[in-house]
Amino acid sequence: MKQSAAGHGLGPLTKELIGKIGDRGWIGMSWPEEYGGRAADLIDQYIFEEELARARVPLNLGNFIEQAPAIMFAGTEAQKKYFLPRIVKGEVTFALGYSEPSGGTDLGSLKTRAVEDEDGFVINGQKVFTTRAEQSSHIYLMARTDPDAPKHKGISIFLVPMDTPGITVQPLWTLPGGRTNEVFFEDVRVPKDTLLGERNKGWYIGASALNLGRAGARRYCTYVSPFEDLMRFLKEDEIGRELAKDPVVQDKVAQLYCEARVAKLFTMRSLSMVRRGENPPYQISSEKVWGPEFQVRATEAASQIMGDYHQLWDEDQAPNGGSFPRQYVSAMVSTFGHGSTQVMRTAIARRGLDLPRE
Ligand SMILES: Cc1cc2nc3c(=O)[nH]c(=O)nc-3n(C[C@H](O)[C@H](O)[C@H](O)COP(=O)(O)OP(=O)(O)OC[C@H]3O[C@@H](n4cnc5c(N)ncnc54)[C@H](O)[C@@H]3O)c2cc1C
């Protein structure tokens, strides 16, 4: 089977590219200069991220919008000085070590244990669906440090190098030709300075960074990419140009265009709140409901409009290098990755609309 574009990731070429743009201070553009940024406006950073995403640069932007802010917020000065400039240059990359076989949504029930002793912590347990664990230098790991505390209160976050003895990575292959992983921890010994923030405060640090990671240019571009690819097909492909004459097709894509603009407005609203120093919970949740559901609708519309041509996925034969069937399958992941649509709706109802908890 040929390698599909879905298999592209943080290989040597991407690392080299991140290094080059990071050297110019463009990636963490809004960060302080001492940490490798340019102290620029968050909007400038958004525009740059959107251009990178639109050019389909396989950049793990989660590291810049999620892990880096968490380190800035909760890290020691030594952690900030070590990690932030290296993240900007692509020398440090994080896999997200949250989900476990016991569940993803109910993160508070995680079972991976980190037991403190004189020298540091000893970690035992298992993570699952740890995407890019095989390519990353570190894992941003949530583990239980106090088994007797209420479930959200006994959790801490660790910044653990992936080459620490006792860590094993096993691949899990997903339908669009992509890879995620299981990660096993067996008596993994880490020093105390791998702890991010205070012990047992990991839930609060992680939840607030996770919320920020739900927003941003990269996510917006993921939501709209099936619509953009469909438009390119209708304008540039010979068969597409014929289909584009049909008024039913025109009606469908005009509706999708309106929905894409709403997705953009949701993203811009969250961004302007983050720019003012807020971490908007239900506004980001609205964006996280609308964007992925729009993405799914756009992939379904592409399938209806393109008919049999939608099924082709060989890079050399298929329209747009075979992006359509891949997008059709992977759109669903957006609806639950980083918080499921159902849970986002609960957040909107309770935090945004002030409805009572049961
Ligand atoms: C391709 C892929 C990549 C991933 N990458 C990562 C990664 O890098 N790092 C990582 O940590 N995780 C990753 N995940 C895991 C992902 O975050 C979880 O799948 C997700 O959080 C959902 O968790 P779950 O699969 O355990 O489903 P569950 O939590 O069991 O949810 C099942 C269903 O129940 C619903 N549900 C659950 N709780 C509630 C509730 N309270 N109210 C209403 N409905 C509810 C959910 O919406 C969902 O529909 C990845 C998953 C996939 C498939």
Side-chain angles (χ1 to χ4, degrees), residues 62-84 86-87 92-133 136-169 181-214 279 281 338-339 343:
N63 284 183
F64 309 111
I65 59 176
E66 193 172 333
Q67 278 85 50
I71 293 170
M72 270 187 238
F73 164 69
T76 60
E77 205 44 44
Q79 284 171 331
K80 290 181 202 171
K81 288 215 163 95
Y82 179 81
F83 283 107
L84 297 172
R86 285 175 175 79
I87 291 175
V92 164
T93 49
F94 284 100
L96 184 64
Y98 280 3
S99 300
E100 297 197 1
S102 57
T105 307
D106 185 16
L107 257 186
S109 67
L110 63 85
K111 294 187 170 58
T112 296
R113 283 290 317 273
V115 178
E116 190 166 13
D117 65 13
E118 278 178 14
D119 301 324
F121 294 85
V122 180
I123 302 171
N124 279 287
Q126 184 197 342
K127 295 288 166 181
V128 73
F129 297 117
T130 320
T131 309
R132 301 194 189 90
S136 302
S137 65
H138 288 70
I139 182 165
Y140 182 85
L141 178 77
M142 236 186 210
R144 187 164 300 286
T145 34
D146 184 351
D148 301 321
K151 66 180 190 177
H152 294 112
K153 294 199 168 157
I155 287 173
S156 302
I157 290 183
F158 296 88
L159 310 172
V160 180
M162 283 301 294
D163 59 4
T164 311
I167 299 182
T168 319
V169 179
N181 303 282
E182 292 177 292
V183 182
F184 299 89
F185 298 81
E186 205 181 323
D187 293 329
V188 175
R189 182 164 278 288
V190 294
K192 297 205 179 201
D193 65 5
T194 56
L195 177 69
L196 177 66
E198 272 179 66
R199 187 170 177 248
N200 297 333
K201 290 278 161 48
W203 181 260
Y204 306 100
I205 300 165
S208 124
L210 185 67
N211 194 42
L212 289 177
R214 288 175 182 141
N279 190 344
H338 262 75
V343 173

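Counting from 1, the numbers follow the sequence of the chain as shown. Predicted model, so just to flag it, every value in this text is computed and none were measured.
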Rounded distance [0.5 Å steps], [atom1] in [X] versus [atom2] in [Y]:
X	Y	atom1	atom2	answer
Arg132	Asn63	CZ	CG	8.0 Å
Thr93	Arg86	OG1	CZ	13.0 Å
Thr112	Gln126	OG1	CD	7.5 Å
Ile167	Phe185	CD1	CZ	5.0 Å
Tyr98	Leu141	OH	CG	10.0 Å
Glu118	Lys192	CD	NZ	8.0 Å

All side chain to side chain contact (heavy atoms under 4.5 Å, CB included) counterparts of [X], not counting sequence neighbours:
X	value
Arg113	Val115, Arg144, Pro147
Ala70	Tyr140, Leu196, Ile205, Ala209
Thr105	Val343

Donor-acceptor pairs are to be reported for all side-chain atoms of residues 150-161 against protein atoms at under 3.5 Å, with residues two or more places apart or in another chain.
| from | atom 1 | to | atom 2 | distance (Å) |
| --- | --- | --- | --- | --- |
| Lys151 | NZ | Asp106 | OD1 | 3.2 |
| Lys151 | NZ | Asp106 | OD2 | 3.3 |
| Ser156 | OG | Thr145 | OG1 | 2.6 |
| Ser156 | OG | Asn200 | N | 2.7 |

Problem set entry | Working for side chain to side chain contact (heavy atoms under 4.5 Å, CB included), residues His138 and Phe83 | CA-CA 10 Å; His138 288 70; Phe83 283 107; 3.6 Å; yes
Exercise. Given His338 and Glu66, is the side-chain hydrogen bond (donor to acceptor under 3.5 Å, both in side chains) satisfied, shown in steps?
Worked result: CA-CA 11 Å; His338 262 75; Glu66 193 172 333; 2.7 Å; yes
Exercise. Do Ile123 and Val190 come close enough that some side-chain heavy atom pair is under 4.5 Å?
Worked result: yes
Seminar exercise, completed: Asp148 and Asp146 have their tightest heavy-atom pair at N-OD1, 2.9 Å
Exercise. Taking all atoms of both residues into account, what is the closest heavy-atom pair of Val169 and Ala133, and its distance?
Worked result: CG1-CB, 4.2 Å
Seminar exercise, completed: So salt bridge (charged side-chain N to carboxylate O under 4.0 Å, His left out) across residues 95-104, not counting sequence neighbours, yields Glu100-Lys127
Exercise. Quick one: side chain to side chain donor-acceptor pair (under 3.5 Å) partners of Arg199, sequence neighbours excluded?
Worked result: Glu116
Exercise. Short question: side chain of Ser102, backbone of Leu110 - any donor-acceptor pair under 3.5 Å?
Worked result: no
For this session: Please report the C-alpha distance between Leu96 and Phe94 in whole Å, then the side-chain angles of each, then the deciding distance to 0.1 Å, and finally whether the side chain to side chain contact (heavy atoms under 4.5 Å, CB included) criterion is met.
Result: CA-CA 6 Å; Leu96 184 64; Phe94 284 100; over 6 Å; no
Problem set entry | Chi angles and distances behind the side chain to side chain contact (heavy atoms under 4.5 Å, CB included) call for Leu84, Ile71 | CA-CA 8 Å; Leu84 297 172; Ile71 293 170; 4.2 Å; yes
For this session: Evaluate whether atom CZ of Phe73 has more than 12 neighbouring non-hydrogen atoms of other residues, nucleotides or ligands under 6.0 angstrom away.
Result: no
